[in-house]
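Both ligands and their constituent atoms are indexed starting at 1 by order of listing. Positions are given from 1 along the sequence.
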Amino acid sequence: MAQVVNRNESWGKSIRVENVQALADMIGGGGGEIPEIYIRPELDVGLTDQEAAIDDHNLPVIHMNRLLDPSFSVSTEESAKLDYACKEWGFFQLVNHGIDGELIDKMEGDLKEFFKLPLEEKELFAPLPGGLQGYGQKLLVNEEKLEWHDLLFLITQPLDDRNMKFWPTNPPTFRSTLERFSLELKRVLKSLFEVIGMKLGLKPEVISRVLSEYQGLRMHYYPPCPKASKVLGLNPHSDVGILTLLLQVGDVQGLQIKKNGKWLSVEAIQHALVVNVGDVLEILTNGKYISVEHRVTVSNKKERLSIAAHHRPKPDCMVGPLQELLHEEEEHNYNYKTMSYDEYIQLYLSGKVEGKSHMNSMRANK
Ligand SMILES: O=C(O)CCC(=O)C(=O)O
Ligand SMILES: [Fe+2]
């Protein structure tokens, strides 16, 4: 089957690629081989790696209710854990975040139903030419190999008519579920960032500047793949924004993070959010908090879905190490340049993205 890669000239490296779910169905039905462009001969993620219960007990688990506990000693202890997680791991599991379990189940159910719709129907929600929002558009992060997943991308904050017109109307409850869920994610992000800001000693105006941001939901569908050990659902990358909150749907794991040169799988804990530091937060903190490379492996048996809420500053927001966070000895020791978020994205899109290599062009020349 011919691989269709239509480059969309007007938005950097955004492309439309062949539908992976349809491809997986066809291969599953005995209708052909996996195109070479998905196969990575050097890779061997190993089925046992993916199916085994992974020992990630070291990935910190933060209890949001403790962060907000009125008792000073409880909240101080938990925020110290949060600070440690952002410095050493760049990732943590967030539990007791207060999002209603029923709402999460509803969100997961509606999303599964959406992906089950016939392709023609899902494609009614394909992005407009040059646009990103909708079903089927992807960012091209690696020119050589394609990723084994389909994507529904929607901007959910600011919640205005301009953005909401891209939201699918099937299943019928999808829009209202998305609206409620994204507001809850925004509430969690705000509380988390306020704690982080306090821990770092940020002025309230800086906290609110960083928090006036965009929220985009990347809703992923990873079909099962007969050659699961030779494909990747997502290429190694770091997230460009401030913080990402991720819901792994059901108990299917697949997310792996790079720690000390090794890939570690992140457990899928029901209703927990996996939170990670994005490049912008790494830059703002002059590298104290780390934005860590991660990737997604797929299963040969089970489909996997996930919802990643990416939080990004407004395009004109200046991104650079915050003066107030630098210790005296660091005063003139900026590790990163300062530029607007928009300039940063242009720079990001102008190079080949491999893991965190794009961050090299953000480093200050010493
Ligand atoms: O599907 C996942 O677990 C990870 C998604 C992700 O890394 C992203 O959307 O940036
Ligand atoms: Fe990511």
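The shortest side-chain heavy-atom distance between Leu273 and Val188 falls under the 4.5 Å cut-off. Side-chain contact between His220 and Ser306 is present, with at least one heavy-atom pair separated by less than 4.5 Å. In this structure the side chain of Glu120 never reaches within 4.5 angstrom of the side chain of Glu123, judged on heavy atoms.
Between His310 and ligand 1, at least one pair of N/O atoms sits closer than 3.5 Å.
Under the 6.0 Å cut-off for aromatic ring centres, Phe91 and His294 qualify, their centroids lying closer than that.
Nearest to atom 4 (C) of ligand 1 among the protein's heavy atoms is Val296 CG2, 3.6 Å. If you check which protein heavy atom lies closest to atom 3 (O) of ligand 1, you get Arg304 NH2, 2.8 Å.
In summary, His294 places an N/O/S atom under 2.8 Å from the Fe ion (ligand 2), meeting the contact criterion.
His97 contributes a side-chain N or O that, together with a main-chain N or O of His271, makes up a donor-acceptor pair within less than 3.5 Å.
Taking the Fe ion (ligand 2) as reference, Asp239 places its N/O/S atom OD1 nearest.
Residue-ligand proximity, Asp239 to ligand 1, at heavy-atom distances under 4.0 Å covers atoms 10 (O). Within ligand 1, the atoms closer than 4.0 Å to a non-hydrogen atom of His294 are 7 (O), numbered from 1 in the order shown.
Using a 30° and 60° split on the angle between ring planes, Phe114 and Tyr135 fall in the perpendicular class, above 60°. The aromatic rings of Tyr344 and His358 are tilted relative to each other, their planes meeting at an angle between 30° and 60°.
Of the heavy atoms in Leu246, only side-chain atoms (C-beta onward) come closer than 4.0 Å to ligand 1.
Relative to atom 10 (O) of ligand 1, the option among His220, His237, Met219, His149 with the closest non-hydrogen atom is His237. Of all the listed residues (Ile257, Leu217, Leu234), Leu234 holds the heavy atom that lies closest to atom 6 (C) of ligand 1.
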